[in-house]
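This one's a predicted model, so the numbers in the text were calculated from it and none came from an experiment. Just so you know, these numbers use all the heavy atoms, side chains as well, and skip hydrogens, waters and symmetry mates.
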Amino acid sequence: MKVAFCIFSGTGNTLRVAGQLVLELSRLGIGAEIFTVAKNCPVPDLSAFDVLVAGFPVHAFNAPAPMLKFLKRLPKKKKSEKRKSAYILRVSGEPVRLNEASGIVPRRILKKRGYIVRGEFGYVMPYNIIFRHSDGMAARMRHALELGAPHDARSIAEETGVIPRVDVLKRFAAFALRIEHPAMPVVGRTFRVNKNICIGCGKCAKVCPQHNIAFKNGIPKFGGSCAACMACVFDCPTDALRPSLLNGWRVNGSYGFDGVPAADEEICSYCKKAYLRYFHEKENL
């Protein structure tokens, strides 16, 4: 068996989760390869792979627009071809059940392309927007990933899984917030830079999966392809970028995943019950 991971990732959280699953699959003797999804990226030849895993960060209870566009470009399997298994890998900053709605549209597209969607995997990683988690929370999330990945790798190996039930409330919330898809290319044009602290290093342009940033006279200029991944803001070494309407939610700088995991009483008050449920579920595996 060979597994293909097609991953859209801005600040690297989804890639980190995919990498852990690849490691666990290798321990089961199963080969896997990660393909990154970006604007106008080539669609890889997946004919030699038996299973497809489509991974993405959850944006407002939805899959990001670039991921959906990529899935629609996958070759449609002929009726005579054997249908292959597929899985959804979603990564969010909080473990609320509403995030389960983000798999609705990807599942629909994959089914139309001829795949059998066997299940979904959900993981929590530190926010790159809204507010900054503590490094203790980041370490606890990393620990939960390391505990959950072996279980999910076995599901892939056995081609079994669970698809969450998405009720009307979740569907409505996801549908309403899908406004992000047409809105962010407009909002992204209004991102600004603090010229007093920008050092013109070009890192923002390098990490942008949408190739939305160009440099003019040493200053970044933003185009109309923003997908709200926040990689540019998060990775700026001098915190020089200001994401317009989202500036109050700006998060800058990498997390420390290797420290001491936060204890239950140290979990942030925001969605505390949901975080505790998520951590305990993974730890009980």
Chemist: Answer yes or no: is there a donor N or O on one side and an acceptor on the other, between the side chain of Thr36 and the main chain of Ile7, under 3.5 Å?
Modeler: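 Looks like no, no N/O pair under 3.5 Å.
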Chemist: Assigning hydrophobic clusters by single linkage (Ile, Leu, Val, Met, Phe, Trp, Tyr; side-chain heavy-atom cutoff under 4.5 Å), is Tyr278 placed with Ile130?
Modeler: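 Yes, Tyr278 and Ile130 fall within the same hydrophobic cluster.
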Chemist: Of the options Gln210, Lys39, His211, which is the one that meets Ser225 in a side-chain hydrogen bond (donor to acceptor under 3.5 Å, both in side chains)?
Modeler: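 The residue from Gln210, Lys39, His211 that satisfies side-chain hydrogen bond (donor to acceptor under 3.5 Å, both in side chains) with Ser225 turns out to be Lys39.
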Chemist: Tell me, do Met141 and Tyr275 make a side-chain contact under 4.5 Å, heavy atoms counted?
Modeler: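 Side-chain contact under 4.5 Å: yes.
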Chemist: Which is it for Val43 and Phe35 under the side chain to side chain contact (heavy atoms under 4.5 Å, CB included) test, yes or no, and what are the steps along the way?
Modeler: CA-CA 9 Å; Val43 176; Phe35 300 95; over 6 Å; no
Chemist: Does a donor on one side chain sit under 3.5 Å from an acceptor on the other, for Arg250 and Asn247?
Modeler: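 Present: a donor and an acceptor within the cut-off.
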Chemist: For Lys77, does the NZ atom have more than 12 heavy-atom neighbours from other residues, nucleotides or ligands under 6.0 Å away?
Modeler: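 Atom NZ in Lys77 is packed in, count exceeds 12.
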Chemist: Should Glu266 and Arg140 be marked as a salt bridge (Lys or Arg N to Asp or Glu O under 4.0 Å) after you check the CA-CA gap, both sets of side-chain angles, and the distance that decides it?
Modeler: CA-CA 11 Å; Glu266 297 173 314; Arg140 184 84 179 258; over 6 Å; no
Chemist: Looking at Lys78, is its backbone amide N or carbonyl O close enough to the side chain of Glu81 to form a donor-acceptor pair, meaning the two atoms are under 3.5 Å apart?
Modeler: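 Yes, the answer is positive, given that a donor and an acceptor are paired below the 3.5 Å cut-off.
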Chemist: Does one hydrophobic cluster hold both Val51 and Ile34, with members joined at side-chain heavy-atom distances below 4.5 Å?
Modeler: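 Yes; tracing contacts between hydrophobic side chains, which count when under 4.5 Å, links both residues.
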Chemist: Decide whether Tyr123 and Asp152 meet the rule of one side-chain donor and one side-chain acceptor closer than 3.5 Å.
Modeler: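 There is such a pair between these side chains.
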Chemist: Is Ile156 reachable from Leu28 through a run of hydrophobic residues whose side-chain heavy atoms are each under 4.5 Å from the next?
Modeler: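 Yes, same cluster.
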Chemist: How far apart are the C-alpha atoms of Leu25 and Met1, what are their side-chain angles, what is the distance that settles it, and do they pass the side chain to side chain contact (heavy atoms under 4.5 Å, CB included) test?
Modeler: CA-CA 10 Å; Leu25 285 168; Met1 175 186 281; 5.9 Å; no
Chemist: Mark yes or no for whether His59, through its side chain, and Ala227, through its backbone, hold a donor-acceptor pair below 3.5 Å.
Modeler: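 A pair under 3.5 Å: yes.
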Chemist: To the nearest 0.5 Å, how far apart are NZ in Lys69 and NZ in Lys72?
Modeler: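 These two atoms lie 9.0 Å from each other.
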Chemist: Please find the pair of heavy atoms, one from His181 and one from Pro64, that lie closest to each other, and give the distance.
Modeler: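 What the structure gives for the nearest pair is NE2-C, 3.9 Å.
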Chemist: Taking all non-hydrogen atoms of both residues into account, name the closest pair between Pro237 and Ile199 and its distance.
Modeler: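 Scanning both residues, the minimum pair turns out to be CG-CD1, 4.2 Å.
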Chemist: What distance separates Cys6 SG from Leu71 CG, expressed to the nearest 0.5 Å?
Modeler: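 Atom-to-atom, Cys6:SG and Leu71:CG are 8.0 Å apart.
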Chemist: Side chain of Asn62, backbone of Ala60: donor and acceptor closer than 3.5 Å?
Modeler: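 At least one qualifying donor-acceptor pair exists.
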Chemist: Take atom CZ of Phe215 as the centre, draw a 6.0 Å sphere, and report whether it contains more than 12 heavy atoms from other residues, nucleotides or ligands.
Modeler: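 Atom CZ in Phe215 is packed in, count exceeds 12.
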Chemist: Think Lys170 forms a cation-pi with Phe61, using NZ or CZ under 6.0 Å from the six-ring centre and within 45 degrees of its axis?
Modeler: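 No.
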Chemist: Quick one: does Asn128's side chain have a donor or acceptor within less than 3.5 Å of a partner on Val251's backbone?
Modeler: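 No, Asn128 side chain to Val251 backbone: no donor-acceptor pair under 3.5 Å.
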Chemist: Are Lys2 and Phe49 in a cation-pi setup, meaning NZ or CZ lies under 6.0 angstrom from the ring centre and within 45 degrees of the ring axis?
Modeler: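 Positive - Lys2 is close enough to the ring of Phe49 and near enough to its axis.
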Chemist: Find the distance between CD (Glu281) and CG (Leu285) and round it off to the nearest 0.5 Å.
Modeler: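 That separation rounds to 8.0 Å.
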Chemist: Hey, does Asp50 have a side-chain heavy atom less than 4.5 Å from the side chain of Val3?
Modeler: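 Result no, sub-4.5 Å side-chain heavy-atom pair not found.
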Chemist: Is any side-chain heavy atom of Cys41 closer than 4.5 Å to one of Arg73?
Modeler: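 A side-chain contact under 4.5 Å exists here.
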Chemist: Going by atom type alone, with no hydrogens or angles, which donor-acceptor pairs under 3.5 Å involve a side-chain atom of residues 254-263 and a protein atom two or more places apart or on another chain?
Modeler:
unit_1: Tyr255; atom_1: OH; unit_2: Tyr127; atom_2: O; d: 2.7
unit_1: Tyr255; atom_1: OH; unit_2: His133; atom_2: N; d: 3.1

Chemist: Mark yes or no for whether Arg242, through its side chain, and Asp239, through its backbone, hold a donor-acceptor pair below 3.5 Å.
Modeler: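 Yes.
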Chemist: Tell me whether Arg118 contacts the main-chain N or O of Ser85 through its side chain, where contact means a donor paired with an acceptor under 3.5 Å.
Modeler: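 Pair absent, no side-chain N/O of Arg118 close to backbone of Ser85.
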Chemist: Do Lys84 side-chain atoms and Ser47 backbone N/O form a donor-acceptor pair below 3.5 Å?
Modeler: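 Flag set: sc Lys84 to bb Ser47 pair under 3.5 Å.
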Chemist: Output yes when a side-chain donor or acceptor of Arg90 lies under 3.5 Å from a complementary backbone atom of Ser102, and no otherwise.
Modeler: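 Not confirmed, Arg90 side chain does not pair with Ser102 backbone.
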Chemist: Val53, Phe56: one ILVMFWY side-chain cluster at the under-4.5 Å cut-off?
Modeler: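 Shared cluster, no.
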Chemist: Less than 4.5 Å apart, any side-chain heavy atom of Cys226 and any of Arg189?
Modeler: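 A side-chain contact under 4.5 Å is absent here.
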Chemist: If every non-hydrogen atom of Ser9 is compared with every non-hydrogen atom of Leu15, which pair is closest and at what distance?
Modeler: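 That closest heavy-atom pairing would be OG-N, 3.4 Å.
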Chemist: As an exercise, state the distance from CG of Asn252 to SG of Cys236, rounded to the nearest 0.5 Å.
Modeler: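 Here the interatomic distance stands at 6.0 Å.
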Chemist: Which heavy atom in Gly224 sits nearest to a heavy atom in Asn212, and how many Å separate them?
Modeler: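 The pair with the smallest heavy-atom distance is N-OD1, 3.2 Å.
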Chemist: Please tell me if the side chains of Leu246 and Met230 come closer than 4.5 Å, counting only heavy atoms from C-beta onward.
Modeler: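 The answer is yes; the side chains approach within 4.5 Å.
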Chemist: Looking only at the aromatic ring of each residue, does the gap between the centers of Phe222 and Phe191 stay below 6.0 angstrom?
Modeler: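 Ring centres of Phe222 and Phe191 closer than 6.0 Å.
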Chemist: Return the minimal non-hydrogen interatomic distance between Ile213 and Pro220, and the atom names on each side.
Modeler: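 Minimum heavy-atom separation between Ile213 and Pro220: CG2-CB, 3.7 Å.
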Chemist: Give a yes or no on whether Phe5 and Ile116 share a hydrophobic cluster (residues Ile, Leu, Val, Met, Phe, Trp, Tyr; joining criterion: side-chain heavy atoms under 4.5 Å apart).
Modeler: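 Different clusters.
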Chemist: Do you know the tightest heavy-atom contact between Ile30 and Ala157?
Modeler: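 Smallest heavy-atom distance, with atoms named: CD1-CB, 3.3 Å.
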Chemist: At what distance, to the nearest 0.5 angstrom, does CZ of Arg171 lie from CG of Leu169?
Modeler: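 Nearest 0.5 Å value for the CZ-CG distance: 12.0 Å.
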Chemist: Could you tell me if the ring centre of Tyr87 sits under 6.0 Å from that of Phe121?
Modeler: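 Here the rings of Phe121 and Tyr87 have centres that are less than 6.0 Å from each other.
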Chemist: May I ask you to test the Leu241-Cys204 pair for a side-chain heavy-atom distance under 4.5 Å?
Modeler: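 Side-chain contact under 4.5 Å: yes.
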Chemist: When you measure from the side chain of Ser92 to the backbone of Glu94, do you find a donor-acceptor pair of N or O atoms at a distance under 3.5 Å?
Modeler: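 Yes; judged by distance alone, with no hydrogens or angles, the pair exists.
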Chemist: Measure the shortest side-chain to side-chain distance between Leu68 and Pro106 over non-hydrogen atoms and say whether it is less than 4.5 angstrom.
Modeler: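 Yes, their side chains come closer than 4.5 Å.
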Chemist: Are any of the side-chain heavy atoms of Thr190 and Leu245 separated by less than 4.5 Å?
Modeler: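 Side chain of Thr190 against side chain of Leu245, heavy atoms only: no contact under 4.5 Å found.
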Chemist: I'd like to know if Lys282 pairs up with Glu146 as an ion pair, taking the criterion as any Lys NZ or Arg NE/NH1/NH2 lying under 4.0 Å from an Asp or Glu carboxylate oxygen.
Modeler: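 Here Lys282 does not pair with Glu146 in a salt bridge, since their nearest N and O are not under 4.0 Å apart.
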Chemist: Pairing donors with acceptors under 3.5 angstrom, does anything connect the side chains of Asp264 and His280?
Modeler: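 Yes - a donor-acceptor pair under 3.5 Å links their side chains.
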Chemist: One pair to check against side chain to side chain contact (heavy atoms under 4.5 Å, CB included): Thr14 and Phe8. What are the steps and the verdict?
Modeler: CA-CA 7 Å; Thr14 309; Phe8 178 80; over 6 Å; no
Chemist: How many angstroms lie between OH in Tyr270 and CZ in Phe131, if you round to the nearest 0.5 Å?
Modeler: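 It comes to 6.5 Å.
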Chemist: What do the steps show when you test Lys195 against Cys198 for side chain to side chain contact (heavy atoms under 4.5 Å, CB included), and what is the final call?
Modeler: CA-CA 5 Å; Lys195 298 179 182 179; Cys198 175; 5.6 Å; no
